[in-house]
Amino acid sequence: MAKLTKLDDIVSLCKRRGFIFQSSEIYGGLASCYDYGPLGVELKNNVKKAWWKSVVQMRDDVVGLDCSILMHPMVWKSSGHADKFADLIAECKKCNTRTRVDHLTDHTEEHTEHIDIDTAMAKSQDLSNKVCPNCGAVGQFTEPMPFKLMFETQMGANVDDSMTMHLRPETAQGIFANFRNVLDTTRVRIPFGIAQIGKSFRNEVTTKAFIFRTREFEQAELEFFCEPGTDEQWFEHWKEARFNWYLELGLKKENLHFREHDADELAHYAKGCVDVEYKFPFGSGDWQELEGIANRTDFDLRQHQRGMRTLNKWYESKGDMTKIELADEAEEYLKGPLSYFDDQKKQRYIPYVIEPSAGIDRSALAFLVDAYDEEEVRGETRNLLRFHHALAPVKAAIFPLVKKDGMPEIATNIYNDLKKYFNCFYDQKGAVGRRYRRQDEAGTPFCITVDGQTKEDNTVTVRQRDSMEQTRVSTDQLLGHLRVKLEA
Ligand code: ATP
C-alpha cells in the first residue's frame, strides 16, 4: 500500500535527482523562483508537448501563437490589469507580514482562490478573528489595501522616451491583441481557438508550497472564439476535454474534481467559471486550483476595441494610466476591427470566448505528486515515479551488466541507435540493482540490460519500471518493442 505522499518527500526527491532547484542557490536562493534541472526540464517540456498535442496538433479548429512578454501599455489598460489586477492585502501590526485577505482564515489554513478586486473591496472585511500565518497574532491586522501584482520595468535608454512597462501577468492578452492578425492570415473561421504557452509574472503576496505558486511561471492558455449563443455548449466541451487531459496523462480520478465558482467569486464580465482542482498534499490538504476554465463573453475583444480608439489619449497622458478613460464603445461595437463577419449568415458580431487556462508548473507538480510512490521490495524501500510514458523524462536506460566481456560496446551501440527516437540514458557504474533504483526514482519506464547471454543469442532484458518484470527481447526487435509499449 503506497503511503500518503508528502510535499517534503517530493521536494527532496526533486532536488536529489535534479528535477528542480531553488533559483540562485549558490547565493542563498531567491524566494519563490525555481530552476528546472536536467530531468525537470524534460518533464516540463513533455507536459507542454502533451498540452500542445491535445489542444493544437490534434484539432482542426485551433492554431498556435507565441507572443512577446512585453506589450504596449494600452494592452493592460484595456484588459483591466493596469487598474484592477491587485490582491487585497492586510499587514500584521505585530510582525509586519502582509497576507492576502482571502488567504486569511480563523484556523491559519490556506485558501488559494484569487477574488476579483472589485468584489473583494465591496465586501466588508472583518479581520478581528483572523490569524497571522507568520506570527500567529489574532486580529492584529491593518485595514485591507490593494496590492498591484504586475512587475514594472523600464524600456528604452533615453530619459525622454523611456517608458514604464509591465511583464505580462497572463499570456491571454497577446492572443486577443493578435485576433485580427490570425483571422487575416489564416483560413480559420469561427468557431476556432488560438493557443499559447509562455512565461507569466505576478508579484504574488504569498508564495510557498514549492512550484505551486511562484512569481515567475509558465501558463498554457487557449482562447476559443465562438458565436454568442453557442458559448455554453463550447464551455461544456472544453470542461470535459481539459478534465480528460489530466486523466489521460495518469492523474488519479479520486484526486481530481471540478469546482464551480460561486456568483460572488465571478469576475463581473464572466458568465461562468469552473476550476479543475487537484488534491495537493499541502496546506490543509485541501483541493487547490490546477486550471481555470471561464466563459469570458465578448469582454476582452470589446475592451481592446475601446483601447484602440483611446490610443491618442494614452500619448497625451505621457503614459500615466490614471489619466486615461477608455473610449465609449457604443459607436464601435459590432463594427470594429475586432468584430467578426460571418459570410454565410451575413452577420457581424463580437465573438464570445471560452478560456481554459492551465499552469505548466502547477501541472508538473501534480504529475510529480500523483506519480510518486514508495513500496517495500525484499525488505528495502523502493521510491519510484510512475509517470505516464508521455511524461517520463527518460524513456529507456541502457546498461551493460558488467564493464567487461564486450558488454559496454554492445550497450553503447544500442544506446546510440535508440536515442535517435526517444530520450535515453546510458549507465555502466555500480551494481545493476542500484542502477535500476536510480531509474525508478527518475520515472524511466524501461531499463535494458546487456548480459552474458546477449553475445550468444542477441537478446537483452527489458525491465518494466512499475511491475519490475523482466522479459528477453531480441536486439533487432527492441526498437519496435519499445515504441509499441511507449505509445500504448
Ligand atoms: P490562484 O487563485 O491560484 O492565484 P488564479 O485564479 O489567479 O490562481 P489564473 O489567473 O486563472 O489563476 O491562472 C490560470 C492558471 O495559471 C492557474 O490555474 C494556475 O495553474 C496558473 N497560475 C496562476 N498563478 C500562478 C502562480 N503564481 N504560480 C504558478 N502557477 C500559477
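Order of listing sets the numbers, starting from 1, for every ligand and every atom in it.
Salt bridge annotation for Arg259-Glu289: absent, with no cationic side-chain nitrogen under 4.0 angstrom from a carboxylate oxygen.
A ring-centre distance under 6.0 Å is found for Phe179 and Phe225.
Counting heavy atoms closer than 4.0 Å to ligand 1, residue Glu170 contributes nothing at all. Contacts of Leu290 with ligand 1, taken as heavy-atom pairs under 4.0 Å, involve the backbone alone.
Residue contacts with ligand 1 include Glu291, since one of its heavy atoms falls under 4.0 Å from the ligand.
Of all heavy-atom pairs spanning Ala220 and Ile197, the tightest one is CB-CG1, 4.0 Å.
For the salt bridge (charged side-chain N to carboxylate O under 4.0 Å, His left out) test with Glu218, the passing option among Lys44, Lys199, Arg362, Arg168 is Lys44; the others fail.
At under 3.5 Å, not a single nitrogen or oxygen of Phe217, backbone or side chain, sits near a nitrogen or oxygen of ligand 1. Distances between N or O atoms of Gly359 and those of ligand 1 include at least one value under 3.5 Å.
Interface atoms of ligand 1 facing Phe212, defined by a heavy-atom separation under 4.0 Å, are 28 (N), 29 (C), 30 (N). Per-residue contacts place Glu204 under 4.0 angstrom from the following atoms of ligand 1 (heavy atoms of the residue considered): 24 (N), 26 (C), 27 (N).
Between Phe299 and Tyr269, the ring-plane angle classifies as parallel under the 30° and 60° cut-offs. Below 30°, between 30° and 60°, or above 60°: for Trp234 and Phe224 the angle between ring planes is between 30° and 60°, a tilted geometry.
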